[in-house]
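These notes concern the structure reproduced below.
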Amino acid sequence: MFSHIIHGFIFYWLAWLVGRKRGWSLGFMFILALAAESAWEIFENTDFIINRYREVTISLDYYGDSIINSVMDTLFMVLGFWLAFLLPVWLTILLLVFL
């Protein structure tokens with residue numbers, strides 16, 4: 001959960017960094033962040049990643065995340081993105097360190 005909020009902070013920062021000079025709208029930056037997080041959630045549940053996880057941990061019975069888990073991870077990224085937009089930079093950095 002907390003790592004996905006941090007994803008939102010990072011995606012906002014990256015989109016702002018790249019998009020500010022290109023005139024990207026906040027909505028477009030949000031769609032890019034949502035696409036990136038969704039792509040990660042799909043990739044995270046491929047056989048490649050699941051088998052890799054099994055090889056390096058003791059969780060031999062891990063078969064991937066549930067759909068609700070992936071949806072909630074994405075929603076927590078959304079929360080982080082909008083917090084990064086709404087909160088002052090210093091508070092976002094403080095939350096980043098705290099999380």
Side-chain angles (χ1 to χ4, degrees):
M1 170 178 84
F2 295 122
S3 65
H4 293 280
I5 293 172
I6 293 170
H7 290 177
F9 292 168
I10 293 168
F11 288 148
Y12 177 80
W13 177 73
L14 288 172
W16 177 84
L17 194 65
V18 173
R20 65 185 167 144
K21 293 183 181 178
R22 292 176 168 83
W24 290 356
S25 69
L26 180 62
F28 182 70
M29 293 189 301
F30 174 68
I31 294 298
L32 289 177
L34 190 58
E37 184 68 22
S38 298
W40 167 250
E41 288 300 322
I42 291 168
F43 181 64
E44 183 180 39
N45 287 292
T46 62
D47 287 340
F48 173 76
I49 295 296
I50 291 169
N51 290 333
R52 178 71 177 130
Y53 185 76
R54 285 184 194 154
E55 290 172 4
V56 298
T57 68
I58 60 170
S59 298
L60 299 178
D61 59 347
Y62 178 71
Y63 296 102
D65 292 341
S66 67
I67 292 172
I68 191 71
N69 180 272
S70 293
V71 169
M72 293 308 294
D73 287 349
T74 303
L75 290 176
F76 277 108
M77 184 285 302
V78 168
L79 174 65
F81 182 93
W82 290 108
L83 285 174
F85 169 70
L86 293 171
L87 297 176
V89 173
W90 68 268
L91 186 53
T92 304
I93 292 170
L94 185 65
L95 281 171
L96 178 72
V97 170
F98 177 73
L99 295 175

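Index from 1, following the sequence.
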Hey, does [Y] have a side-chain heavy atom less than 4.5 Å from the side chain of [X]?
X: Leu91; Y: Leu94; answer: yes
X: Leu95; Y: Phe9; answer: yes
X: Trp13; Y: Thr92; answer: no

Quiz item: In terms of the angle between their ring planes, are Phe30 and Trp82 parallel, tilted or perpendicular, with boundaries placed at 30° and 60°?
Solution: tilted
Mind checking whether [X] and [Y] sit in one hydrophobic cluster, side chains of I, L, V, M, F, W, Y counted as touching below 4.5 Å?
X: Ile93; Y: Phe81; answer: no
X: Val97; Y: Tyr12; answer: no
X: Leu87; Y: Val89; answer: no
X: Ile49; Y: Val71; answer: no
X: Leu99; Y: Trp90; answer: yes

Quiz item: Heavy-atom count around Ile67 CD1 within 6.0 Å, excluding the residue itself: above 12?
Solution: no
Exercise. Take atom CZ of Arg52 as the centre, draw a 6.0 Å sphere, and report whether it contains more than 12 heavy atoms from other residues, nucleotides or ligands.
Key: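 No, because the 6.0 Å sphere around CZ of Arg52 holds 12 heavy atoms or fewer from other groups.
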Let me confirm one number: the [atom1]-[atom2] distance from [X] to [Y], rounded to the nearest 0.5 Å.
X: Leu26; Y: Ile31; atom1: CG; atom2: CD1; result: 10.0 Å
X: Met29; Y: Arg22; atom1: CE; atom2: CZ; result: 12.5 Å
X: Trp40; Y: Asp73; atom1: CH2; atom2: CG; result: 10.5 Å
X: Glu37; Y: Leu75; atom1: CD; atom2: CG; result: 10.0 Å
X: Met72; Y: Ser66; atom1: CE; atom2: OG; result: 10.5 Å
X: Thr46; Y: Asn51; atom1: OG1; atom2: CG; result: 8.5 Å

Exercise. Starting from the C-alpha separation in whole Å, work towards a yes-or-no answer on side-chain contact (heavy atoms from CB on, under 4.5 Å) for Phe48 and Phe43.
Key: CA-CA 8 Å; Phe48 173 76; Phe43 181 64; 3.9 Å; yes
